[in-house]
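First comes the structure, then the notes that go with it.
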Protein chains: 2
Amino acid sequence: MLSKAAEYAIRSMVYIWMMNQQGKRPGYRTIATEVGSPEHFTAKVLQTMTRHNLVKAGKGRGGGFYFEHPEEELAVFEIIKAIDGEKFFSSCAFGFENCNCSNPCPMHDEFKLVRDNFSEMVIKITVQSMAAKIMNGSASLNQNKIVSPSAT
Amino acid sequence: MLSKAAEYAIRSMVYIWMMNQQGKRPGYRTIATEVGSPEHFTAKVLQTMTRHNLVKAGKGRGGGFYFEHPEEELAVFEIIKAIDGEKFFSSCAFGFENCNCSNPCPMHDEFKLVRDNFSEMVIKITVQSMAAKIMNGSASLNQNKIVSPSAT
DNA sequence: AGAATTAAGGACAAATTTATCCACTAAACA
DNA sequence: TGTTTAGTGGATAAATTTGTCCTTAATTCT
């Protein structure tokens, strides 16, 4: 499971990208509200994003977050690495510090498959591909925003 | 990534099973030393195991931990569930509380594959299958116990 | 029964992650 | 230049996970 920080980062980045498409640069308050994350913690997480140059931040009036090159695909992989480092992609289910083929834990081979599977997934999924799903209605950005047709 | 508690639990259970095969019932002190986990925390983790009836504990002299039915395969799945609950098997990478096919997050389909992959893995891997690997030398129980042929 | 041994359980402490607050800086605009 | 707006960075707090300690209960052996 990803950390809360990583989850918020991913959601925020998708939201920023979508708003940029509409010519808007959302601030962290708006972002937090829209993706359903704690405001100040989201600000911190976005600082990490800007420090890693995954997104730009403009200060002052008319500022907010934006992608310098929105057409360049940004993989979830990069976001996770910026927040949590590489640990997800090299961790051992048995808890070995240095689990590898030459000194494997008893789950190494099998767990490596799962891990590599996960890596492939987060490399393949991008901010753009997620935004596309949200925009065509096949996925949502914020769970609290369910549009129930039979709501009272 | 699993919690430390889950990692220690898995390692401990394999160790207990292997010692039982030799007619021994290790105590938590021995277990902690042998699997390289913090002594008292390991005791706590083993309490969880006994409460879930995954292993038995005998008090007093000659006591220690043991499997009542060592021939019954015990999947890692059961150990993880006892420690961390089901969250690993239903969690959402995007952070949705209730992510499902009818209201999916933008990573749902892909992440579900990874998750199911992981579930299959931990159902397939058992205490016995891991012990077998350790006993035939194709895996180790404790990373610090590397037997280097060229050691000084 | 008494001593020794071993797990159980509760209280507590340290470390990490998650979350909040505030003073500061940079930018835009009047 | 001054005011407003918006991100930055440091300090702090709350919550959770990880780890320790100590007393009690159960069991065995003498």
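Naming convention: chains lettered A, B, ... in sequence-line order (proteins, then strands); numbering from 1 in each chain.
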Exercise for the section: Could you work out which one of dT18(D), dT20(D), dA26(C) sits closest to the side chain of Lys59(A)? Expected result: dA26(C)

Practice task
Taking only the side-chain heavy atoms of Gln47(A) (C-beta and beyond), determine which of dT20(D), dT18(C), dT8(D) contains the nearest atom.
Solution key: dT8(D)

Exercise for the section: May I ask you to decide if the ring planes of Phe88(A) and Phe118(A) are parallel, tilted or perpendicular, using 30° and 60° as cut-offs? Expected result: tilted

Problem - Distance in angstrom units between Arg25(B) CZ and dT28(D) C1', rounded - result: 13 Å

Problem - Interatomic distance where CZ belongs to Arg29(A) and C1' belongs to dT20(C) [whole Å] - result: 12 Å

Practice task
Could you check how far CZ of Phe65(B) sits from C1' of dA26(D), rounded to whole Å?
Solution key: 13 Å

Handout entry: dG9(D) base / Lys44(A) side chain donor-acceptor hit below 3.5 Å
Key = yes

Exercise for the section: Please determine if a side-chain N or O atom of Tyr28(A) lies less than 4.0 Å away from the OP1 or OP2 oxygen of dT8(D). Expected result: no

Exercise for the section: Would you mind reading off the distance between Phe41(A) atom CZ and dT18(C) atom P, rounded to a whole angstrom? Expected result: 5 Å

Problem - Close side-chain approach of Tyr8(A) and Leu2(A), heavy atoms under 4.5 Å - result: no

Handout entry: Pair of N/O donor and acceptor under 3.5 Å linking dG7(D) base with Lys56(A) side chain
Key = no

Completion exercise
To the nearest angstrom, the CZ-C1' distance between Arg11(A) and dT18(C) comes to 14 Å

Handout entry: Nucleotide dT16(D), atom P - distance to CE of Met1(A) in whole Å
Key = 13 Å

Exercise for the section: Figure out the CD1/C1' separation between Ile16(A) and dA6(D), and round it to whole Å. Expected result: 13 Å

Exercise for the section: Choose from dC21(C), dC29(C), dT20(D) the nucleotide whose nearest atom is closest to any side-chain atom of His40(A). Expected result: dC21(C)

Handout entry: Any side-chain heavy-atom pair of Phe94(B) and Pro106(B) under 4.5 Å
Key = yes

Practice task
Could you tell me if the ring centre of Tyr28(A) sits under 6.0 Å from that of Phe65(A)?
Solution key: no

Handout entry: Phosphate-side-chain proximity, Thr50(B) and dA7(C), N/O vs OP1/OP2 below 4.0 Å
Key = no

Exercise for the section: Taking only the side-chain heavy atoms of Ala57(A) (C-beta and beyond), determine which of dT8(D), dA8(C), dG10(D) contains the nearest atom. Expected result: dT8(D)

Problem - Rounded distance (Å) that lies between atom P of dA19(C) and atom CD1 of Ile83(A) - result: 13 Å

Practice task
Any chance you could lay out the salt bridge (charged side-chain N to carboxylate O under 4.0 Å, His left out) test for Lys133(B) and Glu110(A), step after step, and finish with the verdict?
Solution key: CA-CA 13 Å; Lys133(B) 283 194 182 186; Glu110(A) 294 90 340; 3.4 Å; yes

Exercise for the section: With the side chain of Arg61(B) defined as its heavy atoms from C-beta on, choose the nearest nucleotide among dT17(D), dT18(C), dA4(C). Expected result: dA4(C)

Exercise for the section: Ignoring backbone atoms, establish whether Arg51(A) has a side-chain N or O less than 4.0 Å from OP1 or OP2 of dG9(D). Expected result: yes

Problem - Side-chain N,O (Tyr8(A)) to OP1/OP2 (dA19(C)) below 4.0 Å - result: yes

Practice task
On DNA chain C, check which nucleotide each of Lys87(A) and Gly60(B) is closest to and give me the residue with the more 5' one.
Solution key: Gly60(B)

